[in-house]
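First the structure, in the form of structure tokens, and then the observations on it.
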Amino acid sequence: MICENIFELHAVSRRFSVRHGIFRRGPEFKALERISLTLRRGVFTGLVGESGSGKTTLARLLAGLLTPSEGEILFEGKSLTQYLPRHSRQYWKKVQMVFQNPYLTLDPKWRIREIIEEGIRELGRRERNRRVESALANVHLSRDYLGRFPHELSGGERQRVAIARAIVLSPEFLILDEPTSQLDVSIQAQMIKLLKELTPVFSGGILFITHDLALVSYLVDEIIVLGEGKIVEQGERSKVLKTPEAEYTRRLLSAVIPWD
């Protein structure tokens, strides 16, 4: 039976220690405080908030790169503790994350083919080639890129490769952590168009993280607004954008420049 909710978070908090010097630990601060939310299967969700609001911390928790200090995260009705750390590889085939900076996430010593096929090396060569070339085509790059190194690509091309590396695994859920923030405006527009095209590929859904409500107004079905580690507002895109309840959301909206 397919679980309607792809993710459920129950009172999830995440604390970090502030270090004073190399050895001395200082006080803890909460990056997230008692977050409870549901991400429904097949829904494209936007997670919006200013820098320091806890967006990336939440993304890393969902991706299994961090563990909650308190609370519980369920994936398809099962606690993440059933997957991590023993079955991390199995989990990461279902949930993939594309990071903010394409300049830091691709191994400079590897060719593009090696980068994209890293997660499917157990497959036969013919199937690997088919899936790599299909993933590359889905992000509108030709086979000519397979023999190149990351330093030979533009920022937009590197981010397309990062997305291809994620989708080659056929994951159910994709987490995009500000994937356009390091790109210039013209390349951002191309990337947003690409993401809109890819939406039907992910049966479990997509979480798009940004500080820019203009982007989510063009892309997503539902919006979660995060501020100072807490959920400020959430709901269907039209409701949050047209009749925001929180002053924090209204302030974010005041800076919006709509996408065409």
Side-chain angles (χ1 to χ4, degrees), residues 3-21 23-41 43-88 90-92 94-100 171-179 181 204-213 216 220 222-235 240 244-252:
C3 184
E4 181 182 352
N5 297 331
I6 190 81
F7 277 106
E8 296 174 52
L9 280 69
H10 300 288
V12 169
S13 298
R14 174 65 196 198
R15 296 187 298 270
F16 293 96
S17 294
V18 179
R19 287 193 174 274
H20 296 285
F23 303 106
R24 190 165 142 239
R25 293 180 62 180
E28 292 186 326
F29 75 95
K30 279 189 176 180
L32 294 174
E33 186 171 355
R34 296 189 63 80
I35 296 289
S36 294
L37 62 86
T38 297
L39 298 177
R40 294 185 294 113
R41 181 173 293 280
V43 175
F44 195 152
T45 304
L47 179 63
V48 183
E50 296 173 307
S51 296
S53 61
K55 302 186 305 296
T56 294
T57 299
L58 179 55
R60 288 176 175 271
L61 285 168
L62 295 176
L65 302 175
L66 292 174
T67 56
S69 302
E70 299 168 358
E72 185 179 34
I73 300 176
L74 305 181
F75 175 71
E76 297 183 327
K78 298 179 181 179
S79 174
L80 282 198
T81 57
Q82 295 184 38
Y83 289 98
L84 308 170
R86 287 186 60 192
H87 303 293
S88 297
Q90 176 187 347
Y91 181 71
W92 290 329
K94 294 186 176 191
V95 178
Q96 276 287 299
M97 182 168 174
V98 175
F99 295 89
Q100 181 176 0
E172 294 183 42
F173 194 82
L174 182 65
I175 302 168
L176 300 162
D177 186 9
E178 304 224 33
S181 65
I206 300 175
L207 182 68
F208 183 84
I209 299 164
T210 181
H211 62 277
D212 188 349
L213 266 169
V216 296
V220 307
E222 297 183 356
I223 295 174
I224 299 169
V225 182
L226 204 62
E228 297 184 348
K230 300 177 181 179
I231 293 178
V232 174
E233 192 159 354
Q234 60 183 315
V240 173
E245 297 178 358
E247 176 59 32
Y248 181 83
T249 307
R250 290 194 287 272
R251 180 156 55 84
L252 291 178

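For the single chain, residues carry numbers from 1 onward in sequence order.
Not counting sequence neighbours, the partners of Y91 by the ring-ring contact (aromatic ring centres under 6.0 Å, His included) test are F75, Y83. Qualifying side-chain hydrogen bond (donor to acceptor under 3.5 Å, both in side chains) partners for T81, counting only residues two or more places apart in sequence or in other chains: S79. Taking the salt bridge (charged side-chain N to carboxylate O under 4.0 Å, His left out) definition, one finds that K94 meets it with E76, sequence neighbours left out. Partners of E222 under the salt bridge (charged side-chain N to carboxylate O under 4.0 Å, His left out) rule, at least two apart in sequence or in another chain, are R40. In this structure, the salt bridge (charged side-chain N to carboxylate O under 4.0 Å, His left out) partners of R15, at least two apart in sequence or on a different chain, are E28, E70. Legend: residues meeting salt bridge (charged side-chain N to carboxylate O under 4.0 Å, His left out) with E245, ordered by chain and number and at least two apart, are K239.
For K30, the NZ atom is densely surrounded, since the number of other residues' heavy atoms within 6.0 Å is greater than 12. Other residues, nucleotides and ligands place no more than 12 heavy atoms under 6.0 Å from the CD atom of E228.
Note: L9 CG to I73 CD1 = 4.5 Å, rounded to the nearest 0.5 Å. Taken to the nearest 0.5 Å, the CD1 atom of I209 stands 4.5 Å off from the CG atom of D177. The distance from atom CG of L176 to atom CD of Q100, rounded to the nearest 0.5 Å, is 12.0 Å. One distance of note links CD of E72 with OG of S36; it measures 11.0 Å at 0.5 Å rounding. Between L207 atom CG and M97 atom CE the span is 9.0 Å, to the nearest 0.5 Å. Atom CZ of F7 and atom CG of L58 lie 9.5 Å apart (nearest 0.5 Å).
Taking 4.0 Å as the cut-off between side-chain N and carboxylate O, E50 and R251 count as a salt-bridged pair. By the 4.0 Å N-to-carboxylate-O rule, R14 lies too far from E33 to be salt-bridged with it.
Inter-residue side-chain proximity for F173 and I206 is flagged as unmet; no heavy-atom pair is nearer than 4.5 Å. Residues L39 and L62 have side chains in contact (heavy-atom distance under 4.5 Å, counting atoms from C-beta outward). Using a 4.5 Å cut-off on side-chain heavy atoms (C-beta onward), L80 and L74 make no contact. By the 4.5 Å heavy-atom criterion applied to side chains, V225 and Q234 are not counted as neighbours. At least one side-chain heavy atom of L32 sits less than 4.5 Å from a side-chain heavy atom of L226.
Checking side-chain atoms of W92 against main-chain N and O of A63 turns up a donor-acceptor pair under 3.5 Å. A donor-acceptor pair under 3.5 Å is absent between the side-chain atoms of R41 and the main chain of G205, judged by distance alone. In terms of modelled atom types and a separation under 3.5 Å, the side chain of S13 and the main chain of R34 share a donor-acceptor contact.
Of all heavy-atom pairs between P244 and T249, the closest is CB-CG2, 3.7 Å. Nearest heavy-atom pair across L252 and G49 is CD1-CA, 4.5 Å. Closest approach of L84 and G64 over heavy atoms only: CD1-CA, 3.5 Å. Residues Y248 and S53 approach most closely at OH-CB, 4.2 Å, considering heavy atoms. Considering every non-hydrogen atom in both V232 and A246, the closest pair reads CG1-CB, 3.3 Å.
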Just do the side-chain contact (heavy atoms from CB on, under 4.5 Å) check on V98 and F208 with the steps written out, would you? CA-CA 10 Å; V98 175; F208 183 84; over 6 Å; no
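Among I223, I224, V48, the single residue meeting the side chain to side chain contact (heavy atoms under 4.5 Å, CB included) criterion with V240 is I223.
For T38 and N5, the side-chain atoms include no donor-acceptor pair closer than 3.5 Å. H211 and E178 form a side-chain donor-acceptor contact under 3.5 Å, judged by distance and modelled atom types alone.
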